[in-house]
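What follows is a single structure, written as structure tokens, with notes after it.
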Amino acid sequence: MASAALLSASPSLLFLQNKQVGRCVMNLRSSLYGELILNQCSVRGFLDRSRGGPFATNSVLGRKIQKRETVIPDPDYRIPIVLLEYKSVKAGMTGGLAYTDNLLPAAPLGLLGLLLLFQTTRVRFVFDDEALEVKVGNELQESGENVFVGGKNRWKYSTFVNWELWWPNFPILVYFKEMQTKPEGQVHFFPVIFNGKQLYDVMVERAGPSKTSGPKMP
């Protein structure tokens, strides 16, 4: 009977406040083992860690979670400048034509160059710990919904199927396909109006190598 009573005894966990040092003492009491002091911990520190403080842990072993820093590639004005310069050269080369004929080949390039120039000053790719997000302005404001496919302009790296950067020496377009917008996958194309090397490096780090091996940046 005594043995049965001992085996059926359930431990109880008590938290006692130590007023002198501001710590809690966890005592494990049972009729089998008597009283055993397991640990001392700072109440505030314990709560901070459990709520995800600056040194948040995700296991009882105390393993620290290190968040990756946010990366924002620098703006790159080369593409709009090249388009505007090419438009000027094109118009100059057709100087022997009538004035109205000069406008036909020059106007579309000029408008595209001006649009990309404006977008380069305001659009930012923000790579945070878990996703790529398109933001606008120096204050990194929300860009709203995607005008083509809907939904927020924010895509988790874990949903990326493939991505590519064309071309390595003078990047023009960045492409990626993700499964977040729709189950069958959604393709996105963006002009590279950012530093191509920084963009490539952070894409490799956060989204993994491209399935088509990706460009070899110099």
Side-chain angles (χ1 to χ4, degrees), residues 65-90 105-218:
I65 299 175
Q66 296 293 338
K67 284 193 174 183
R68 292 173 293 192
E69 65 177 350
T70 298
V71 176
I72 307 174
D74 298 328
D76 190 332
Y77 293 87
R78 288 185 297 173
I79 292 179
I81 289 175
V82 166
L83 288 174
L84 291 173
E85 287 181 347
Y86 181 75
K87 168 252 183 184
S88 300
V89 171
K90 187 74 174 178
L109 289 176
L111 290 175
L112 180 59
L114 288 174
L115 174 62
L116 291 180
L117 183 65
F118 174 67
Q119 294 291 70
T120 305
T121 64
R122 63 189 294 271
V123 175
R124 298 290 180 267
F125 269 18
V126 179
F127 295 85
D128 62 25
D129 184 49
E130 65 175 10
L132 160 63
E133 184 169 359
V134 178
K135 295 193 175 184
V136 294
N138 293 329
E139 301 299 324
L140 300 179
Q141 301 171 346
E142 299 289 336
S143 59
E145 287 201 356
N146 190 289
V147 295
F148 299 105
V149 297
K152 190 176 180 181
N153 288 308
R154 176 181 173 83
W155 307 279
K156 291 186 176 182
Y157 310 126
S158 58
T159 68
F160 280 34
V161 176
N162 190 26
W163 67 273
E164 193 61 82
L165 186 65
W166 293 292
W167 283 263
N169 293 325
F170 191 89
I172 302 295
L173 286 173
V174 59
Y175 144 86
F176 63 89
K177 181 178 180 181
E178 44 82 16
M179 308 292 286
Q180 179 175 306
T181 303
K182 51 187 181 182
E184 62 270 26
Q186 177 63 51
V187 171
H188 302 269
F189 288 93
F190 290 94
V192 180
I193 52 178
F194 319 100
N195 184 297
K197 181 66 166 59
Q198 294 175 349
L199 180 62
Y200 176 76
D201 288 345
V202 71
M203 286 291 287
V204 171
E205 178 197 354
R206 306 292 164 92
S210 170
K211 284 191 175 181
T212 54
S213 76
K216 300 297 187 294
M217 297 298 294

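Given the structure is predicted, the values throughout are model-derived calculations rather than measurements. Index from 1, following the sequence.
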Residues D201, V71; criterion side chain to side chain contact (heavy atoms under 4.5 Å, CB included); working and verdict: CA-CA 10 Å; D201 288 345; V71 176; over 6 Å; no
Side chain to side chain contact (heavy atoms under 4.5 Å, CB included) assessment of E130 paired with K67: CA-CA 9 Å; E130 65 175 10; K67 284 193 174 183; over 6 Å; no
V123/F194 under side chain to side chain contact (heavy atoms under 4.5 Å, CB included): CA gap, chis, key distance, verdict: CA-CA 9 Å; V123 175; F194 319 100; 4.3 Å; yes
Verdict with supporting geometry, R122 and Q119, side chain to side chain contact (heavy atoms under 4.5 Å, CB included): CA-CA 5 Å; R122 63 189 294 271; Q119 294 291 70; 3.1 Å; yes
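No salt bridge links R154 with E178; every basic N to acidic carboxylate O contact stays at or beyond 4.0 Å.
At most 12 non-hydrogen atoms from other residues, nucleotides or ligands lie less than 6.0 angstrom from CG of N138. At most 12 non-hydrogen atoms from other residues, nucleotides or ligands lie less than 6.0 angstrom from CD of E139. No more than 12 heavy-atom neighbours from other residues, nucleotides or ligands sit within 6.0 angstrom of NZ on K156.
The ring pair (Phe, Tyr, Trp, His ring centres under 6.0 Å) test applied to F189 returns Y175, not counting sequence neighbours. Partners of Y157 according to the ring pair (Phe, Tyr, Trp, His ring centres under 6.0 Å) rule, which considers only residues two or more places apart in sequence or in another chain, do not exist here. By the side chain to side chain contact (heavy atoms under 4.5 Å, CB included) test, D76 pairs with R78, sequence neighbours left out.
Side-chain contact between F125 and I193: absent, with no pair of heavy atoms (C-beta onward) separated by less than 4.5 Å. Counting only heavy atoms from C-beta outward, the side chains of F190 and L173 never approach each other to under 4.5 Å. Under the 4.5 Å side-chain criterion, counting only non-hydrogen atoms from C-beta, M203 is in contact with F160. L132 places a side-chain heavy atom less than 4.5 Å from the side chain of F176. Two residues are said to be in side-chain contact when any heavy atoms from C-beta on lie closer than 4.5 Å; P80 and T120 meet this criterion. At a threshold of 4.5 Å between non-hydrogen side-chain atoms, the residues R124 and P75 count as touching.
Heavy-atom minimum distance, V192 versus I79: O-CD1, 3.3 Å. V134 and S143 make their closest contact through O-OG, 2.6 Å (heavy atoms, listed as atom of the first residue, atom of the second, distance).
At least one donor-acceptor pair closer than 3.5 Å links the side chain of D129 to the backbone N or O of R68. Formation of a donor-acceptor pair under 3.5 Å by the E133 side chain with backbone atoms of D128 is not found in this model.
Taking the six-membered ring where tryptophan is involved, the planes of W155 and H188 are tilted, since the angle between them lies from 30° to 60°.
To the nearest 0.5 Å, atom NZ of residue K135 and atom CG of residue N153 are 11.5 Å apart. Between I72 atom CD1 and L199 atom CG the span is 13.0 Å, to the nearest 0.5 Å. Of the inter-residue distances, the one linking L114 atom CG with L83 atom CG reads 10.0 Å to the nearest 0.5 angstrom. One distance of note links CD of Q186 with CE of M179; it measures 11.0 Å at 0.5 Å rounding. Atom CG of residue L116 and atom OG1 of residue T121 lie 11.0 Å apart, to the nearest 0.5 angstrom.
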